Protein chains: 2
Amino acid sequence: MTVPQPKLADVAAAAGVSPTTVSRVLNDRGYLSQKTKDAVHAAMAELGYRPNAIARSLQQRSSRLVGIIFPTVAHPFYGQMAEALETRLAGAGYKVLLCDSAGRPDRERRHLDMLLANQVDGIITGAHSQVVGDYPGLRAPVVTIDRPKGHDFPDISCDNRTVMRELTRGVIARGARRILHLTSSRDPQAPRLLGHAEAMAEARLEPAVLRPEPSRGWWPDPEQIDPVLDRAWEAAAAPEAVMCSNDLLAAAVLSWARRRGLRVPRDLQVTGFDGSAASRIFYPELSTVVQPYGAMAREAVAAILAAVDGEPLPAGTRELPATIDWRETTRPA
Amino acid sequence: MTVPQPKLADVAAAAGVSPTTVSRVLNDRGYLSQKTKDAVHAAMAELGYRPNAIARSLQQRSSRLVGIIFPTVAHPFYGQMAEALETRLAGAGYKVLLCDSAGRPDRERRHLDMLLANQVDGIITGAHSQVVGDYPGLRAPVVTIDRPKGHDFPDISCDNRTVMRELTRGVIARGARRILHLTSSRDPQAPRLLGHAEAMAEARLEPAVLRPEPSRGWWPDPEQIDPVLDRAWEAAAAPEAVMCSNDLLAAAVLSWARRRGLRVPRDLQVTGFDGSAASRIFYPELSTVVQPYGAMAREAVAAILAAVDGEPLPAGTRELPATIDWRETTRPA
DNA sequence: ATGAAAGCGCTAACAG
DNA sequence: CTGTTAGCGCTTTCAT
């Protein structure tokens with residue numbers, strides 16, 4: 001506290017060598033006599049020296065910092081993704097600047113400004129707005145996570161369309177004909193919707209998509225969902241299955257079903273999407289799609305690191321296979 | 001990309017002034033003629049200039065960086081806490097370095113090294129190991145989140161003991177006499193346990209505490225929990241309530257209860273702890289304690305900012321009031 | 001009201 | 001094998 005932190009020059013003085021030499025042993029560069037190395041190490045230990053990463057970053061014009069932007073890390077999907085990314089990045093010697101955009105473009109813009117000012121080596125974003133897309137002076141490589149195309153950055157996703165087609169086929173095979181699709185997405189071309197529509201078309205079933213408004217951006221709102229479901233159930237033919245675009249939505253549906261006295265899966269089958277660790281504990285019975293968190297983090301980080309090494313970023317989406325976990329909210333196959 | 005990023009000197013040249021002047025308009029310091037200001041602003045806009053935060057940090061010997069260390073942000077409690085902290089810190093002009101310790105002391109140590117090397121202005125940690133406690137050369141102020149005492153840093157928690165006493169009283173008032181307490185804590189002096197024990201003693205009831213081993217550190221493991229519960233139910237007098245030290249544990253108990261055909265709350269009452277947004281959506285029926293996430297973040301950040309301003313950190317625990325959310329996994333009062 | 005010069009802590013030529 | 005010198009991009013005395 002009171003003692004100023006020792007700097008490289010102090011170590012040099014203590015060891016009786018030049019700053020350059022200390023820098024060399026620090027970075028293990030060039031030829032050093034063992035004797036010198038030992039002396040320097042001793043001095044460093046003596047003083048409790050810790051190199052200043054900021055000075056190093058300035059000199060090397062590389063911060064080893066990666067920014068990650070998500071709408072909300074309180075959400076199990078983003079939280080788990082953030083964890084997987086941090087673990088990978090830390091393993092590669094990178095540091096993570098966490099940005100929570102709360103789904104607000106203004107916040108995202110501020111965060112982007114901040115990241116660029118801090119000379120980040122890369123940005124990984126799962127934020128929903130398109131502000132990264134047309135950002136002036138964006139020097140850092142950008143990779144998106146589970147974002148639809150419509151931008152020039154590589155995107156890492158699971159095989160949304162394929163797995164959703166598969167999941168829908170499975171629900172149909174389990175006896176459901178009248179299937180409701182609940183989504184929080186406002187994009188009619190969302191891959192999950194397309195996959196769903198394909199499977200429905202194959203079976204000559206009419207897709208029915210409902211988009212209840214989420215509250216606070218990412219949290220399903222029972223006030224919105226319940227009336228929507230009530231209405232669907234008061235229609236002539238009540239649905240036999242509800243497929244949801246994420247596990248939280250599915251949980252809201254299951255809660256509604258309990259209140260309404262519907263038996264799952266007898267009266268109603270329910271599926272989710274995401275399969276976060278939290279979701280698997282909260283709802284082990286939920287049939288859902290488990291996203292490949294680890295693999296997605298690996299690919300996203302690999303892309304950033306490649307870009308740092310000067311390789312051009314591949315455009316387009318990289319899709320990693322997700323797995324379906326059939327449980328008790330659907331009937332046996 | 002190909003064009004090197006403009007620096008302050010470039011702006012100066014373009015505006016026909018000295019670097020000092022540009023720095024002055026940037027920081028709005030000293031007296032500048034409006035004319036000069038305008039010229040500089042024009043030049044900055046022209047070149048798309050963005051000040052380099054790294055250089056600034058080096059010069060000012062302050063990074064405006066705060067490290068936050070949690071066992072796993074995939075866990076709803078930590079994820080929501082991380083979000084609340086990031087929001088507060090960003091609002092105060094600070095940046096967040098995210099560290100996921102995965103509950104491993106070696107990882108925590110590496111993260112601490114990294115944070116100190118990066119000249120963080122403060123550290124907020126909820127990691128469980130005690131490595132921060134005796135860390136050599138820790139210059140940054142540290143605040144812990146929901147950690148038991150036993151260290152010199154201020155701690156921000158909810159009023160664990162009080163609210164747990166209240167919750168236990170409530171469960172007793174709801175008719176339960178044989179109450180099981182499930183916890184993931186290995187500390188017999190944990191405040192939540194103490195509060196529980198107090199309420200039990202008041203009612204002259206015998207406390208029964210069970211500590212199933214978590215898997216991977218923070219996730220309750222049904223393989224561990226189910227046999228423990230089974231055994232309790234095979235004992236002479238089956239419990240009438242299970243109180244859990246977090247919502248995930250409660251979810252595991254509810255899942256077990258469903259499989260065993262127990263009706264909640266008739267045959268068995270269940271309570272949780274944490275009340276994260278995710279938990280409220282996954283399990284709206286769960287009676288639980290809702291932690292004051294926002295207030296805790298506010299206090300933690302306030303403490304760090306005060307320390308940055310040179311005020312000494314207050315020692316001891318700051319307890320914020322939590323609220324009890326009685327729902328349907330307990331009987332009506 | 002503005003500028004020149006020095007320096008934050010480190011590393012990269014370039015000597016020797 | 002080691003040291004001298006210059007400079008990363010910015011801010012800050014101290015002049016004027």
Side-chain angles (χ1 to χ4, degrees), chain A residues 3-41 43-44 47-65 113-114 116-121 137 139, chain B residues 3-41 43-44 47-65 113-114 116-121 137 139:
Chain A
V3 185
Q5 212 190 332
K7 50 189 184 184
L8 186 138
D10 299 327
V11 176
V17 298
S18 77
T20 311
T21 302
V22 178
S23 173
R24 284 204 181 93
V25 347
L26 216 50
N27 300 287
D28 199 23
R29 241 192 276 292
Y31 302 87
L32 287 305
S33 73
Q34 192 56 47
K35 208 179 127 199
T36 312
K37 280 190 196 169
D38 292 344
V40 171
H41 279 127
M44 297 203 300
L47 301 179
Y49 171 71
R50 210 189 295 280
N52 182 326
I54 302 240
R56 212 191 279 229
S57 296
L58 177 60
Q59 150 68 25
Q60 297 184 155
R61 275 159 302 266
S62 149
S63 62
R64 299 222 129 214
L65 233 32
D113 274 332
M114 182 276 277
L116 296 175
N118 282 274
Q119 317 298 116
V120 292
D121 288 348
R139 307 172 318 290
Chain B
V3 184
Q5 212 190 331
K7 50 187 179 186
L8 185 138
D10 299 329
V11 176
V17 298
S18 77
T20 311
T21 301
V22 178
S23 173
R24 285 206 180 90
V25 347
L26 217 47
N27 300 286
D28 199 22
R29 241 192 276 292
Y31 303 87
L32 288 306
S33 72
Q34 192 57 47
K35 208 180 128 199
T36 313
K37 281 189 196 170
D38 293 344
V40 171
H41 279 127
M44 297 203 299
L47 301 179
Y49 172 71
R50 210 189 296 279
N52 182 326
I54 302 243
R56 210 191 279 229
S57 296
L58 178 60
Q59 150 69 28
Q60 300 186 153
R61 275 160 301 268
S62 149
S63 61
R64 300 222 131 215
L65 232 32
D113 275 331
M114 180 276 276
L116 296 175
N118 283 275
Q119 318 297 115
V120 291
D121 288 347
R139 308 171 317 290

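These numbers were taken from a predicted model, which means no experiment stands behind them. By convention in this document, chain letters (A, B, ...) are assigned in the order of the sequence lines, proteins followed by strands, and residues within each chain are numbered from 1.
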Using only atom types and a distance under 3.5 Å, with no angle test, would you say the side chain of B:Asp10 pairs donor to acceptor with the backbone of B:Lys7? yes
Verify the contact: side-chain N or O of B:Ser57 to OP1 or OP2 of D:dC10, cut-off strictly under 4.0 Å; return yes or no. no
When you compare the side chains of A:Ser18 and A:Thr21, does any donor N or O come within less than 3.5 Å of an acceptor on the partner? yes
In whole angstroms, how far is the P atom of C:dT11 from the CG atom of A:Asp28? 13 Å
Remember a base hit wins even if backbone is also touched, and classify A:Val22 as base, sugar-phosphate or nothing at under 4.0 Å, heavy atoms. nothing
Rounded distance in Å - NZ (A:Lys37) to C1' (D:dT2): 14 Å
Interatomic distance, A:Arg24 CZ vs C:dT11 P [rounded to whole Å]: 11 Å
Verify the contact: side-chain N or O of A:Thr36 to OP1 or OP2 of D:dT2, cut-off strictly under 4.0 Å; return yes or no. yes
Quick one: B:Asn27 CG to D:dC10 C1', roughly how many Å, whole number? 9 Å
To the nearest 10°, give me the bend of the helix from C:dA1-D:dT16 to C:dG16-D:dC1, comparing the axes of its five terminal pairs at either end. 40°
B:Arg139 side chain vs B:Leu116 backbone, donor-acceptor pair below 3.5 Å: yes
Could you tell me the separation between the CZ atom of A:Arg64 and the P atom of C:dC10, rounded to a whole number of Å? 18 Å
N/O (side chain, A:Thr21) to phosphate O (OP1/OP2, D:dG3) under 4.0 Å: yes
Look up atom CG in A:Leu58 and atom CD in A:Gln119, then write down how far apart they are to the nearest 0.5 Å. 9.0 Å
In whole angstroms, the gap separating P of D:dT11 from CG of B:Leu32 amounts to 13 Å
Closest to the B:Ser18 side chain, choosing from D:dG3, C:dG3, C:dT2: C:dG3
Protein and nucleotides 5-9 of chain C: nitrogen or oxygen contacts under 3.5 angstrom:
unit_1, atom_1, unit_2, atom_2, d
C:dG7, N2, B:Gln59, OE1, 2.8
C:dC8, O4', B:Arg61, NH1, 3.2
C:dC8, O3', B:Arg61, NH1, 3.4
C:dG9, OP2, A:Lys7, NZ, 2.8

May I ask you to decide if A:Val120's main-chain N or O and A:Asn118's side chain share a donor-acceptor pair within less than 3.5 Å? no
With a 4.0 Å limit, can you tell me whether A:Arg29 has a side-chain N or O closer than that to the phosphate oxygens OP1/OP2 of C:dA12? yes
Hey, mind stepping through B:Leu8 and B:Ser23 against side chain to side chain contact (heavy atoms under 4.5 Å, CB included) and telling me if it holds? CA-CA 7 Å; B:Leu8 185 138; B:Ser23 173; 4.2 Å; yes
